[in-house]
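First comes the structure, then the notes that go with it.
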Amino acid sequence: MKTKKRLEIEVETIRLTIRRTDSVCRLLPCALCAAEVEMLTAETAALLCGLTLRSLVGHLDIGALHFTETADGLLYICLNSLTGSALNS
């Protein structure tokens, strides 16, 4: 009697869509990218990465992410560095 072999392959796809609003995402200059890029508020970036705000700031301190502070003191994280970082692994 022949037995049938069955192979199951599971593929997970992650899709990220960000709707830009001035309070969550802004086009700002990133010194390290040397361009104007999409920047997220620190709170939004932490939420997307599944991190606490304190943990995200730790990644900023070691240079793992690009960021800028606006004149009014708000902290924004470069989306390019966020999507290209090892934080999402």
Side-chain angles (χ1 to χ4, degrees):
M1 181 181 248
K2 290 185 179 181
T3 59
K4 291 184 180 180
K5 293 183 180 180
R6 184 173 156 180
L7 175 64
E8 288 187 33
I9 299 174
E10 189 174 314
V11 177
E12 182 179 335
T13 303
I14 298 173
R15 184 176 184 166
L16 174 64
T17 302
I18 298 174
R19 289 211 165 99
R20 187 182 334 150
T21 65
D22 287 342
S23 62
V24 174
C25 187
R26 294 173 62 181
L27 281 173
L28 293 169
C30 176
L32 295 172
C33 289
E36 192 171 77
V37 298
E38 300 276 348
M39 295 253 186
L40 301 174
T41 62
E43 293 82 4
T44 303
L47 182 65
L48 286 174
C49 292
L51 299 172
T52 63
L53 190 53
R54 176 174 278 188
S55 178
L56 183 85
V57 170
H59 288 287
L60 296 176
D61 289 342
I62 62 171
L65 297 172
H66 307 170
F67 69 95
T68 192
E69 263 186 275
T70 60
D72 52 356
L74 296 176
L75 180 65
Y76 283 88
I77 312 300
C78 172
L79 185 57
N80 291 344
S81 70
L82 193 64
T83 57
S85 75
L87 298 179
N88 299 320
S89 303

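In what follows, every heavy atom counts, from backbone to side chain, and hydrogens, waters and symmetry copies are set aside.
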## Note on the structure
Taken to the nearest 0.5 Å, the spacing of Leu82 CG from Glu38 CD works out to 12.0 Å
### Task
Mind checking the CD1-SG spacing from Ile77 to Cys25? Nearest 0.5 Å is all I need.
12.0 Å
### Query
Does some side-chain heavy atom of Val37 sit less than 4.5 Å from a side-chain heavy atom of His66?
no
### Query
Is there a path from Leu53 to Leu48 through hydrophobic residues (I, L, V, M, F, W, Y) whose side chains come within less than 4.5 Å of each other?
yes
### Task
Measure the spacing between CG of Leu40 and CG of Leu79 and express it to the nearest 0.5 Å.
5.0 Å
### Message
Quick check: closest heavy atoms across Cys30 and Met39, and the distance to 0.1 Å?
### Response
CB-CE, 3.5 Å
### Query
Between CG of Leu56 and CG of Leu65, what distance do you get to the nearest 0.5 Å?
6.0 Å
### Query
Nearest 0.5 Å, what's the CG-CG distance between Leu28 and Leu74?
10.0 Å
### Message
I'd like to know if the side chain of Thr41 pairs up with that of Thr44 as donor and acceptor (distance under 3.5 Å, no hydrogens or angles considered).
### Response
yes
